[in-house]
Number of protein chains: 2
Amino acid sequence: MARTSAPDDSAARSTGRRRSGRPGHDADSVLRVAARVFNERGYDGTSMEDLARALGVTKSAIYHHVSGKTELLRRSLDLAMDALFEVTGEEGATTGRAIDRLEHVMRGSVRVLVEELPHVTLLLRVRGNTDVEKRALERRRRFDHLIADLVREGVVDGDVRSDVDPAVASRLLFGMVNSIVEWYKPDRGLACEEIADALVRIAFQGMRASKE
Amino acid sequence: MARTSAPDDSAARSTGRRRSGRPGHDADSVLRVAARVFNERGYDGTSMEDLARALGVTKSAIYHHVSGKTELLRRSLDLAMDALFEVTGEEGATTGRAIDRLEHVMRGSVRVLVEELPHVTLLLRVRGNTDVEKRALERRRRFDHLIADLVREGVVDGDVRSDVDPAVASRLLFGMVNSIVEWYKPDRGLACEEIADALVRIAFQGMRASKE
DNA sequence: TGTGTCACCGACCGTTCGTTCAGTAGACCG
DNA sequence: CGGTCTACTGAACGAACGGTCGGTGACACA
């Protein structure tokens with residue numbers, strides 16, 4: 001009874017132009033599998049042997065594609081943060097009322113989170129043990145500040161309730177968003193938009209049924 | 001530059017009756033420190049050497065108090081789940097309208113989460129790698145079902161909005177609650193009740209400022 | 001058939017891991 | 001002082017860890 005699913009030999013070049021040389025994995029396919037296994041067992045709880053088994057190769061083969069375990073982590077975390085920051089640069093996140101920009105970032109984050117689930121999940125579990133993790137935490141902190149600023153602006157505009165601390169509110173909001181990685185299963189139907197709709201509804205109008 | 005704070009030699013018997021024998025740690029003080037370090041570096045990322053350093057003893061000393069690393073994890077997880085389930089057994093969680101019971105459990109969870117922060121944090125990070133972790137995940141699942149049932153009842157009562165899936169809603173709600181472990185710092189003032197108030201307000205009425 | 005290119009194997013290295021064990025040290029009581 | 005309780009040390013163990021290296025296998029194109 002294996003702890004991880006069968007070897008992922010769908011591998012690299014199932015799509016795109018075929019390259020010369022022996023077929024098999026490439027750096028990207030290794031990263032994709034690694035991120036999945038890191039999520040199943042935790043980064044520290046995953047050995048290179050575990051990764052090799054999931055890839056269907058010996059562990060020395062992995063070093064042909066990446067320099068080591070930490071590079072896999074770094075690339076995964078960078079990929080996740082890049083995607084999140086891209087959302088904050090979109091037009092909907094930079095123009096208009098603060099509360100609408102906030103909604104845009106929330107919906108965009110849900111989308112990124114679902115599209116890049118393994119990488120974002122990894123990002124949200126980082127503890128800061130190594131330099132690579134510390135750097136990711138630093139980027140996350142910048143993202144969080146950006147959200148808190150949006151909430152503050154929303155309060156000033158009179159669109160966001162003023163009886164809760166914006167710092168606390170923004171953290172609770174994205175606690176809600178980020179929790180998606182804990183239970184979302186890509187296979188189980190449930191489109192990204194449905195989740196985003198439910199999220200925005202609860203976040204902005206609350207759980208309580210409207211009075212009439 | 002140490003990665004963890006100075007040795008915790010406030011130790012066991014700072015409070016309560018003094019026992020006979022050489023002074024130092026006991027099983028409980030070891031557990032308390034262990035849970036803290038597990039949170040800082042992750043369970044798998046923490047070596048017995050790390051624990052020993054944080055305790056101010058050699059690692060062999062730890063085995064005088066507990067049978068091993070997994071026992072520390074098991075006791076920590078059990079402690080957290082016991083506290084959470086105690087909330088669900090309180091009167092406020094078993095009588096009255098569903099939406100009020102839900103609020104009671106949410107407030108109680110926030111309290112437990114703040115009081116037993118290291119243990120609950122550990123619980124929320126469990127991946128299911130070992131039997132001990134699998135058992136904890138099983139208990140968590142039972143807790144989650146209980147919440148989902150409350151939301152469903154609330155919808156039937158007409159108190160909870162019916163345009164979001166109760167399963168999704170309950171997960172988002174407790175995603176919000178659980179996110180507290182990611183940013184709450186006990187020292188930084190911010191009482192447990194203030195957080196619970198902000199949480200309940202956002203959860204039930206939403207972020208948007210009321211119309212008048 | 002030969003050549004270039006890329007993917008991989010298997011044996012091995014030094015280190016760190018969780019754990020064990022025989023012995024030691026300090027505080028209290030008589 | 002001796003006796004008893006509890007807490008701890010230091011050296012060692014086998015296993016597992018991340019990583020290295022020289023050699024081999026499989027395809028594309030000529």
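Reminder, nothing fancy here: chain letters follow the sequence lines and each chain counts from 1. These numbers come from the heavy atoms of this one structure, side chains and all, not from hydrogens, waters or symmetry mates. From a predicted model like this one, the values you see are computed outputs, not experimental measurements.
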hbond_proxy A:Ser60 side chain to C:dG10 base (donor-acceptor, 3.5 Å cutoff): yes
With a 4.0 Å cut-off on N to O distance, would you call [X] and [Y] a salt bridge?
X        : Y        : answer
A:Arg75  : A:Asp28  : yes
A:Lys59  : A:Asp50  : no
B:Asp44  : A:Arg41  : no
A:Arg141 : A:Glu138 : yes

Can you measure [X] atom [atom1] to [N] atom [atom2] for me and round it to whole angstrom units?
X       : N      : atom1 : atom2 : value
B:Tyr43 : C:dC17 : OH    : P     : 14 Å
A:Glu49 : D:dA15 : CD    : C1'   : 13 Å
B:His65 : D:dC5  : NE2   : P     : 17 Å
B:Asp26 : C:dA27 : CG    : P     : 17 Å
B:Lys59 : C:dT16 : NZ    : C1'   : 8 Å
B:Asp50 : C:dT16 : CG    : C1'   : 11 Å
B:His25 : C:dG26 : NE2   : C1'   : 15 Å
A:Ile62 : D:dC17 : CD1   : P     : 12 Å

Would you indicate, yes or no, if [N] has its OP1 or OP2 atom less than 4.0 angstrom from a side-chain nitrogen or oxygen of [X]?
X       : N      : answer
B:Tyr63 : C:dT19 : yes
B:His64 : D:dA7  : yes
A:Ser47 : D:dA16 : no

Of the listed nucleotides D:dG18, D:dC8, C:dG18, the one nearest the side chain of A:Met48: D:dG18
Chi angles and distances behind the salt bridge (charged side-chain N to carboxylate O under 4.0 Å, His left out) call for B:Arg139, B:Asp82: CA-CA 10 Å; B:Arg139 289 189 78 183; B:Asp82 288 348; 3.0 Å; yes
Spacing of B:Arg101 atom CZ and B:Thr88 atom OG1 [to the nearest 0.5 Å]: 12.0 Å
Members of residues 67-77 of chain B that approach DNA chain D, where some heavy atom sits under 4.0 Å away: none
Side-chain donor or acceptor of A:His119 paired with backbone N/O of A:Ala35 under 3.5 Å: no
Cation-pi check, B:Lys69 onto B:Tyr63 ring (under 6.0 Å, within 45° of axis): no
At a cut-off of 3.5 Å, list every protein nitrogen or oxygen paired with a nitrogen or oxygen from nucleotides 22-26 of chain D, distance to 0.1 Å.
from: D:dG25; atom 1: N3; to: A:Arg22; atom 2: NH1; distance (Å): 3.3

Identified salt bridge (Lys or Arg N to Asp or Glu O under 4.0 Å) counterpart of A:Arg111 within the set A:Glu116, A:Glu90, A:Glu86: A:Glu90
